[in-house]
Engineer: 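Here it is, the structure in full.
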There are 2 protein chains.
Amino acid sequence: MTEFVTYQGDALARLAELPSEHYDAVITDPPYSSGGTFRSDRQQATGQKYTQTGEKKNPFSDFPGDNRDGRSFLYWMTLVLSETYRVTKNGGTIALFTDWRQLPTVSDALQAAGFVWRGVYVWDKTLAARPRKGYFRQQAEFVVWGSKGPLPAKPELPALPGLTTCSVNKGGRFHQTGKPVELMKAIVQVCPEGGTVLDPFMGSGSTGVACGELGRKFHGIEYTDHYHEVARERLAQAFQ
Amino acid sequence: MTEFVTYQGDALARLAELPSEHYDAVITDPPYSSGGTFRSDRQQATGQKYTQTGEKKNPFSDFPGDNRDGRSFLYWMTLVLSETYRVTKNGGTIALFTDWRQLPTVSDALQAAGFVWRGVYVWDKTLAARPRKGYFRQQAEFVVWGSKGPLPAKPELPALPGLTTCSVNKGGRFHQTGKPVELMKAIVQVCPEGGTVLDPFMGSGSTGVACGELGRKFHGIEYTDHYHEVARERLAQAFQ
DNA sequence: CCCTTCTATGAATCGTGCT
DNA sequence: CAGCACGATTCATAGAAGG
């Protein structure tokens with residue numbers, strides 16, 4: 001039996017084909033549709049939007065689905081999370097990355113889809129974040145997490161911290177918004193050992209790499225051919 | 001001229017008596033009306049609610065205004081923040097403490113009152129929070145911050161970090177939900193030196209103590225006689 | 001030509017991690 | 001070991017496109 005499976009295609013379409021009540025945990029980093037006060041800012045290609053002017057050419061391939069406005073982001077997230085709810089085991093955990101701007105919307109979508117909202121996990125990106133004189137840095141990203149129904153006791157697992165301090169790892173990134181594997185290993189531990197984690201927005205597959213290193217099975221979905229291929233290579237290595 | 005002023009009474013009533021466009025920053029920690037998934041949980045006295053069963057007798061006096069449900073909390077916060085908006089200078093900053101559960105509601109109220117939402121500051125309470133096997137701790141509290149209109153440049157101020165790590169008990173507490181002065185000193189720096197900070201829910205006055213230590217003027221409002229008196233004593237010391 | 005909408009460009013901030 | 005590039009940015013402005 002293979003320890004990881006990947007699907008290439010639209011998250012909503014592929015989710016619909018997955019079996020009900022199968023996954024112990026869903027851990028994912030959807031497109032934020034954030035970045036900028038104005039609609040025109042949000043509609044830029046991701047390579048422009050998340051890159052400082054005057055920077056050297058952005059080495060990452062663009063990714064789609066990052067330009068919805070507030071209402072349609074909520075609508076679409078609710079659709080995706082409703083399918084996600086179906087495929088999650090009772091008592092299973094869901095964890096969704098988001099930035100400060102979309103945090104309220106993500107918590108709404110999570111609850112609209114039927115999950116119980118349980119908390120907010122914090123990723124402290126350290127002082128590498130952009131500074132501004134007289135104002136606070138945007139130094140953290142957030143993980144909105146919850147459960148399908150009541151929380152089962154998990155006496156075999158350790159108590160998990162609610163915050164990770166971890167700088168954005170520039171060297172080891174394969175995607176513009178890629179997360180450090182160290183961070184993902186902290187989060188993947190909500191899944192019991194030997195259980196299966198699903199990531200419907202796999203990107204370059206850091207969630208899966210963390211699963212491989214910690215003895216969890218992994219299923220992932222990715223839309224772009226490019227990142228799907230990158231992820232398969234990294235997963236093959238992590239699960240060998 | 002006195003460097004600090006306190007008012008005893010209801011926040012909404014006292015705010016209505018303050019002059020328009022007077023304050024450089026509003027920094028406050030309103031009653032969260034959180035604490036519990038169920039209505040019956042929220043209706044307990046604060047001394048019970050925020051104390052673990054079996055703990056020694058809670059030494060803090062109860063405080064009111066902590067038992068609103070979701071809709072009325074939003075309505076009431078919007079009323080308070082609308083008055084707050086009036087008394088804030090153009091380009092002034094607002095910073096509101098909240099827990100994860102009320103963060104979306106607080107950001108709604110802040111925007112409904114007319115402020116521009118600018119970000120989320122994180123207070124890492126460290127591992128003092130209660131652990132749970134297999135789940136994340138609630139390790140952080142949050143500060144939703146924003147501005148009245150566009151952000152003026154503040155070249156005279158340093159760039160501020162977006163996160164403070166600071167244990168709850170550091171430096172002694174005078175109120176059940178009292179904040180460490182060290183934390184408040186990090187936040188008070190959004191106000192230019194010599195400027196004036198308002199705290200409509202002063203509690204035991206930690207915001208004001210931080211202002212005293214960092215050369216900002218301070219005005220505070222507190223409902224209960226007991227905490228108003230505690231705050232006055234601490235302020236007299238900090239501003240001498 | 002007026003008005004709205006979209007696109008492109010440029011400046012600024014500082015600790016960290018890579019070269 | 002000393003520099004240097006960089007950040008899921010923010011804000012302002014100028015010009016092009018379209019009706």
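Convention: sequence-line order gives letters A, B, ...; per-chain numbering from 1.
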Engineer: Choose from D:dC11, D:dA8, C:dT13 the nucleotide whose nearest atom is closest to any side-chain atom of B:Leu151.
Structural biologist: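 Nearest to the side chain of B:Leu151 among the choices is D:dC11.
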Engineer: Distance-only criterion, 3.5 Å: show the donor-acceptor pairs between side-chain atoms of residues 148-160 of chain B and protein atoms not counting sequence neighbours.
Structural biologist:
| unit_1 | atom_1 | unit_2 | atom_2 | d |
| --- | --- | --- | --- | --- |
| B:Lys148 | NZ | B:Tyr85 | O | 2.8 |
| B:Lys148 | NZ | B:Thr88 | O | 2.9 |
| B:Lys154 | NZ | B:Val190 | O | 2.9 |

Engineer: For A:Thr126 and C:dT16, is the shortest distance between a side-chain N/O and OP1 or OP2 below 4.0 Å?
Structural biologist: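 Checking C:dT16 against A:Thr126, no side-chain N or O comes under 4.0 Å of OP1 or OP2.
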Engineer: Write down the distance between OH (A:Tyr135) and P (D:dT10), rounded to a whole number of angstrom.
Structural biologist: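 Rounded to the whole Å, the gap is 14 Å.
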Engineer: A:Arg173 side chain to A:Lys179 main-chain N or O, any donor-acceptor pair under 3.5 Å?
Structural biologist: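 Flag not set: sc A:Arg173 to bb A:Lys179 has no pair under 3.5 Å.
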Engineer: Nearest to the side chain of A:Ser167, which nucleotide is it out of C:dC14, C:dG17, D:dA8?
Structural biologist: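 The nucleotide sitting nearest to the side chain is C:dG17.
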Engineer: What is the distance from CG of B:Leu157 to P of C:dC14, rounded to the nearest Å?
Structural biologist: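 Value for this atom pair: 11 Å.
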Engineer: Grab the CG-P distance between A:Leu127 and C:dC14 for me, whole Å please.
Structural biologist: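 From A:Leu127 CG to C:dC14 P: 12 Å.
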Engineer: For A:Glu17, does the CD atom sit with more than 12 other heavy atoms under 6.0 Å from it, leaving out its own atoms?
Structural biologist: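 Enclosed.
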Engineer: What's A:Trp123 touching, base or sugar-phosphate or nothing? Going by heavy atoms closer than 4.0 Å.
Structural biologist: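 Nothing: the residue A:Trp123, judged by heavy atoms under 4.0 Å, touches no strand.
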Engineer: Salt bridge between A:Glu229 and A:Arg232, side-chain N to carboxylate O under 4.0 Å?
Structural biologist: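 The answer is no: the pair does not qualify as a salt bridge.
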Engineer: How many Å lie between CD on A:Gln138 and C1' on D:dT9, as a whole number?
Structural biologist: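 Spelled out: CD on A:Gln138 to C1' on D:dT9 is 9 Å.
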Engineer: Heavy atoms under 4.0 Å, any strand shown: does B:Pro158 hit a base, just sugar-phosphate, or nothing?
Structural biologist: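 Counting heavy atoms under 4.0 Å across all strands, no contact is made by B:Pro158.
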Engineer: Are any of A:Lys133's side-chain N or O atoms less than 4.0 Å away from OP1 or OP2 of C:dC14?
Structural biologist: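 It does, given that an N or O in the side chain of A:Lys133 lies less than 4.0 Å from OP1 or OP2 of C:dC14.
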Engineer: Rounding to a whole Å, what distance do you find between A:Gln139:CD and C:dT13:P?
Structural biologist: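 Atom CD in A:Gln139 sits about 19 Å away from atom P in C:dT13.
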Engineer: Measure up the A:His219 and A:Tyr7 rings against each other and bin them: parallel (under 30°), tilted (30 to 60°), perpendicular (over 60°).
Structural biologist: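 A:His219 vs A:Tyr7 ring planes: perpendicular.
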Engineer: What would the secondary structure line of DNA chain D be in dot-bracket form, counting Watson-Crick and G-U wobble pairs under 3.5 Å, with [ ] for pairs that cross earlier ones and | for pairs with another strand?
Structural biologist: .||||||.|||||||||||
Engineer: Using side-chain contact (heavy atoms from CB on, under 4.5 Å), reason through A:Lys89 and A:His22 one step at a time and then give a plain yes or no.
Structural biologist: CA-CA 5 Å; A:Lys89 278 185 188 164; A:His22 185 71; 6.0 Å; no
Engineer: Nearest whole angstrom, please: distance from the C1' of D:dC11 to the CZ of B:Arg118.
Structural biologist: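 About 9 Å, once rounded to whole Å.
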Engineer: Verify the contact: side-chain N or O of A:Arg101 to OP1 or OP2 of D:dT10, cut-off strictly under 4.0 Å; return yes or no.
Structural biologist: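 So the side chain of A:Arg101 is within the cut-off, an N or O lying under 4.0 Å from OP1 or OP2 of D:dT10.
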Engineer: May I have the distance from A:Arg173 (atom CZ) to C:dG17 (atom C1'), rounded to whole angstrom?
Structural biologist: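 To the nearest whole Å, that distance equals 13 Å.
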Engineer: Among D:dT9, C:dG17, D:dA8, find the nucleotide with the atom closest to the side chain of A:Glu141.
Structural biologist: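 Out of D:dT9, C:dG17, D:dA8, the nucleotide with an atom closest to A:Glu141's side chain is D:dA8.
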Engineer: With P as the reference atom in both, quote the distance from C:dT9 to D:dA8 in angstrom, rounded to an integer.
Structural biologist: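 That atom pair is separated by 22 Å.
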Engineer: Charged N to carboxylate O below 4.0 Å: is that the case for A:Glu182 and A:Lys185?
Structural biologist: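 No, this pair does not count.
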Engineer: Do the rings of A:Tyr135 and B:Trp145 sit parallel, tilted or perpendicular, given the 30° and 60° boundaries?
Structural biologist: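 Taking B:Trp145 first and then A:Tyr135, their aromatic rings lie parallel (interplane angle under 30°).
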Engineer: Whole-Å distance between D:dC6 P and A:Gln176 CD?
Structural biologist: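 Checked: the CD to P distance equals 12 Å.
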Engineer: Under 3.5 Å, is there an N or O donor on one side and an acceptor on the other linking the side chain of A:Lys179 and the base of D:dA8?
Structural biologist: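 Checked by distance alone, the answer is yes.
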